[in-house]
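Only this structure's heavy atoms are used, side chains among them; waters, hydrogens and symmetry mates stay out. Given the structure is predicted, the values throughout are model-derived calculations rather than measurements.
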There are 2 protein chains.
Amino acid sequence: MQNNDAISATISFGNLHDAVVDRIRGMILDGALKPGEWLRMDDLATKFGVSTVPVREALRQLQAEGLVTFHPRRGAMVARISAAHYEEIYLIREQLEKLACRFAAEDFERVPMARLKQLLDEIEIAETKRDVPRRLQLVREYFFTIFSASQKEHLLRILSTLWDLSQQYRRYFSSVPEVITQRLAHYRMLYQACAARDADALSRVLDEIHTFGRTHLIPRLREEEKQNLER
Amino acid sequence: MQNNDAISATISFGNLHDAVVDRIRGMILDGALKPGEWLRMDDLATKFGVSTVPVREALRQLQAEGLVTFHPRRGAMVARISAAHYEEIYLIREQLEKLACRFAAEDFERVPMARLKQLLDEIEIAETKRDVPRRLQLVREYFFTIFSASQKEHLLRILSTLWDLSQQYRRYFSSVPEVITQRLAHYRMLYQACAARDADALSRVLDEIHTFGRTHLIPRLREEEKQNLER
DNA sequence: TAAAAATCAAATATCATATATTCGATAATT
DNA sequence: AATTATCGAATATATGATATTTGATTTTTA
């Protein structure tokens with residue numbers, strides 16, 4: 001009997017380590033593995049059809065990324081991220097995304113506008129279809145299409161892990177209608193700033209995006225967390 | 001015969017993974033392992049008196065931190081960091097260190113001034129003794145004593161890995177007299193800004209520190225790299 | 001010079017050990 | 001007498017060592 005989740009069948013080349021990392025990270029990001037959930041190495045290994053060794057390595061890497069916490073002799077667990085942590089992560093993202101856009105704006109030729117337009121359209125389609133997971137995925141790709149024009153390896157790596165860490169938070173707000181319409185407006189403004197090759201406008205839009213998060217979303221999240229604790 | 005480098009003897013509890021990570025990271029940071037050098041898992045394992053498993057895990061974590069690169073079926077190697085990478089890392093550090101100081105300045109009470117003074121004195125002593133490794137260590141501790149007042153877990157973690165990545169560069173300049181005197185002046189200015197509980201002054205000093213790096217050190221490093229390639 | 005074999009090390013699996021947790025039994029206290 | 005607390009054994013699972021396999025590189029021979 002062959003397990004459908006088995007990796008060995010799907011990945012014929014490359015190493016198991018990276019494949020396992022991607023699988024587990026994916027499961028955490030789309031909520032299949034929830035914060036606070038224990039990650040039993042044996043279970044994951046049999047699920048993926050591999051031994052425990054690549055699983056352990058994968059979990060260690062995810063720990064380094066902040067998505068997983070290790071508890072000595074107890075095992076690994078999906079990281080619990082508090083509202084305070086989200087706030088911190090967002091402030092870091094704000095600075096680094098501004099930096100990435102500054103680099104990108106040094107040469108707008110590197111921003112693939114056609115791809116950006118396509119993603120923007122697909123985001124709106126996903127929204128009309130109420131396909132939240134797909135929209136989240138597309139939005140991420142949209143932003144990173146812009147960030148990538150910075151051609152800054154480390155910056156992109158750090159931003160990528162920060163987006164991973166704030167994924168839960170994004171999913172949490174992905175069903176609030178006012179937030180969605182506001183965000184869609186922001187995405188369009190980003191596109192226009194890039195299309196106009198206007199570095200200042202790009203910077204302003206990014207500011208607006210993050211100010212909206214700071215003033216509207218983070219307080220809401222703090223409130224929500226307080227309610228959860230009281231219950 | 002007992003190997004002096006053996007970890008098992010020194011670390012009786014906790015897991016080997018963390019101990020091995022610290023050891024290898026330490027060896028990279030103080031130059032015992034040089035950029036481009038292959039990290040043979042067998043060798044490291046026997047050197048530390050452990051099996052290859054914790055070594056592999058440690059190398060994977062260091063890969064996530066950016067200190068080590070993996071080459072499929074070839075092994076792990078100490079990361080080579082180009083002048084362009086240093087420049088990028090420094091620009092990221094600039095933004096994040098300003099952010100950390102902004103948080104720290106929200107409540108100067110959290111900055112342990114006595115400790116800061118002590119470190120500043122020790123830095124100057126280490127300098128008169130020409131003890132470069134110790135000075136590098138102390139300077140790092142000095143900055144992180146300030147950053148830590150931000151009480152921002154993720155920010156500190158990211159800054160820590162960025163300092164690790166720029167360690168080679170710091171060592172490279174640690175023997176240039178003009179750089180040292182300029183840096184010592186910067187450290188004193190940092191102390192004074194904190195002592196005066198002046199957030200603006202702190203921000204200005206940090207700006208000056210990074211501007212000096214950008215205008216004087218990075219170009220020098222680029223030049224050096226070019227010469228190395230020509231040779 | 002090219003091909004094949006030998007060698008070497010990483011990648012993965014399997015096996016062993018150590019530790020934390022849980023459950024049950026017994027004792028102690030109310 | 002009943003309930004709770006504590007101690008110990010059993011179980012589960014992380015952690016670490018050893019063994020095997022796979023892939024790549026180098027060397028040797030035709």
With nearest nucleotides of DNA chain C determined for V53(A) and P72(A) from heavy-atom distances, which residue corresponds to the more 5′ nucleotide?
-> V53(A)
Which whole-number value in Å describes the distance from N15(B) CG to dA17(D) P?
-> 12 Å
Cation-pi check, R140(A) to F144(A): give yes when NZ or CZ is under 6.0 Å from the six-membered ring centre and within 45° of the ring axis, no otherwise.
-> yes
Over how many whole Å does the gap from L59(A) atom CG to dT15(D) atom C1' extend?
-> 13 Å
Reading nucleotides 3-9 of chain C from the 5' end, what letters show protein touch, with B for base, S for backbone sugar-phosphate only, - for no heavy atom under 4.0 Å?
-> ------S
Please name the residue in the list L67(A), I28(A), L62(A) that meets the side chain to side chain contact (heavy atoms under 4.5 Å, CB included) test with D164(A).
-> L67(A)
Taking atom P of dA10(C) as reference, at what distance in whole Å does atom CG of D43(B) sit?
-> 8 Å
Side chain of R56(B): nearest nucleotide among dA10(C), dA17(D), dT14(C)?
-> dA10(C)
Take the protein atom CG of L16(B) and the nucleotide atom P of dG16(D), then report the distance between them rounded to whole Å.
-> 4 Å
Tell me the ring-ring contact (aromatic ring centres under 6.0 Å, His included) pairs involving residues 90-109 of chain B, sequence neighbours left out?
-> Y90(B)-Y169(B)
note: M77(B), atom CE; dA10(C), atom C1'; distance rounded to Å ~ 14 Å
Residues R134(B) and E122(B) bridged, charged N to O under 4.0 Å = yes
Given F143(B), which of L159(B), I209(B), L119(B) fulfils the side chain to side chain contact (heavy atoms under 4.5 Å, CB included) condition?
-> I209(B)
Ion pair check, R60(A) and E57(B), cut-off under 4.0 Å | yes
Between dA14(D) atom P and H71(A) atom NE2, what is the distance in whole Å?
-> 12 Å
In whole angstroms, the gap separating C1' of dA11(C) from CZ of F70(B) amounts to 10 Å
Please report, rounded to the nearest Å, how far the P atom of dA12(D) is from the CH2 atom of W38(A).
-> 17 Å
